[in-house]
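First the structure, in the form of structure tokens, and then the observations on it.
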Amino acid sequence: MAQLRQSAPPENCVAQDEVEQQLVAGLLAPHAHVSPKYLYDVLGSRLFAAICELPEYYPTRTEAAIFEHHASQIAVAVGADATLIDLGAGNCSKAARLFPSLRPKQYVAVDISEKFLQEAVSALRQQFPQIKMTCLGMDFSSELELPPAIGLRRRQFFYPGSSIGNFAPLESLKFLHQIRKAIAGSDGGLLIGVDLVKDKPILDAAYDDALGVTAAFNLNLLNHLNRLLDADFRPQDWRHRAFYNEEQHRIEMHLEAREDLIVHWRQGGIRRFAQGERIHTESSYKYSRQGFIDMLQQAGFGKVQTWSDERNWFMVCHAQVT
Ligand code: AVI
């Protein structure tokens, strides 16, 4: 799965045909689904930024507080003079807040849109002239091959925001394995934010807020599909559904048809939806502390250190590769 922090529309960099094929296959599946990466067109990215400000959406501010309260211990774990590789860097603000304590030698911002990154990084270069900065436009979720120019020394990957939760557990393991391989031999590590299992009402509210911002974020996917497929989805015909599935340890986000309807797209594509039928648009997995440590170790990481908030709602992990 591609970018799970703010990014530009994926149609910029993935072959149009491939995008169409994936989307159509998902829409025609018996349980229709669309990859969550399509939530992030320009408006979707702005709506996600608004979600991060909502009182119900605790992950962003809880993670920021953990980074602030444990800054010196985290800095010791990461070590100075590292190459900080920010996966899904977006506007680079999360990494930039850590620069004063982590003091990296090099910063590599990775995201789908290189143009978007260039703008963010050029502002940072003036603020932190001592850090060498590079932008890499790539879909890191499918491949994590870094160019040799990045160097192999002290690679510290940074993957905050609990974006790992948007991968299914097996995909997460594969992704962590790729990161471990990309670090190998460089005496580096991974600094990652992980959302923890908690009571269902708290999770339900975080993904179905009173203002309806998450609903707008989910429904906006239909506008994006209309542009990508030349389709005729009408957002007003659909309802946002988001709830914590306690058996699967995940939030499920769906769009539910308000009535029987037919959707068309280019070249005669058509799908009937019965009233109440859903399109699965996102899963957000929640982990236990030990469950996530076990997964890091399965992926080949060695020493793991964790920091959490008072309520144990969120965790920041540093996992080492030696
Ligand atoms: C980007 N990602 C970690 C968010 C999450 O919490 O799974 C996306 C999100 N979806 C709805 N609200 C936020």
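Numbering starts at 1 and runs along the sequence shown. When a ligand or atom number is given, it counts from 1 through the structure's own listing order.
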Residue of the set His254, His33, His31 for which ring pair (Phe, Tyr, Trp, His ring centres under 6.0 Å) holds with His280: His254
Check the angle between the aromatic planes of Tyr40 and Phe48 and answer parallel, tilted or perpendicular using the 30° and 60° thresholds. perpendicular
Pull out every atom of ligand 1 sitting under 4.0 Å from any heavy atom of Phe217, numbered as shown with elements. 10 (N), 11 (C)
Backbone N or O of His264 within a donor-acceptor pair of the Asp232 side chain at under 3.5 Å? yes
Please determine whether a side-chain nitrogen of the Lys or Arg among Glu252 and Arg250 lies less than 4.0 Å from a carboxylate oxygen of the Asp or Glu. yes
Does Tyr107 form a ring-ring contact (aromatic ring centres under 6.0 Å, His included) with Phe99? I'd like the steps, not just the answer. CA-CA 9 Å; Tyr107 173 60; Phe99 287 166; 5.0 Å; yes
Below 4.0 Å, non-hydrogen atoms only: which portion of Tyr58 touches ligand 1? Side chain, backbone, both or neither. neither
When only distance counts, is Ser163 in polar contact with ligand 1, meaning an N/O pair under 3.5 Å? no
Counting from 1, what ligand 1 atoms have a heavy atom of Gly161 closer than 4.0 Å? 3 (C)
Examine the proximity of ligand 1 to Asn218 and report which part, side chain or backbone, both or neither, has a heavy atom under 4.0 Å away. neither
Could you tell me if Arg271 sits above the aromatic ring of Phe273, with its cationic atom closer than 6.0 Å to the ring centre and no more than 45 degrees from the axis? yes
As an exercise, identify every atom of ligand 1 less than 4.0 angstrom from a heavy atom of Ser284. 5 (C), 6 (O), 7 (O)
Looking only at distances, please establish whether an N/O atom of ligand 1 is found under 3.5 Å from an N/O atom of Glu282. yes
Ligand 1 to Tyr57, heavy atom cutoff 4.0 Å, flagged ligand atoms 4 (C), 5 (C), 6 (O), 12 (N), 13 (C)
Before accepting this row, confirm whether a basic side-chain N of the pair Glu63/Lys94 lies closer than 4.0 Å to the acidic partner's carboxylate O. yes
Nitrogen or oxygen of Tyr40 less than 3.5 angstrom from that of ligand 1: no
Find all atoms of ligand 1 within a distance of less than 4.0 Å from any non-hydrogen atom belonging to Ser162, and give their numbers and elements. 3 (C)
SB check Lys198 Asp195 (cutoff 4.0 Å): yes
Quick check: does Thr214 get an N/O under 3.5 Å from an N/O on ligand 1? no
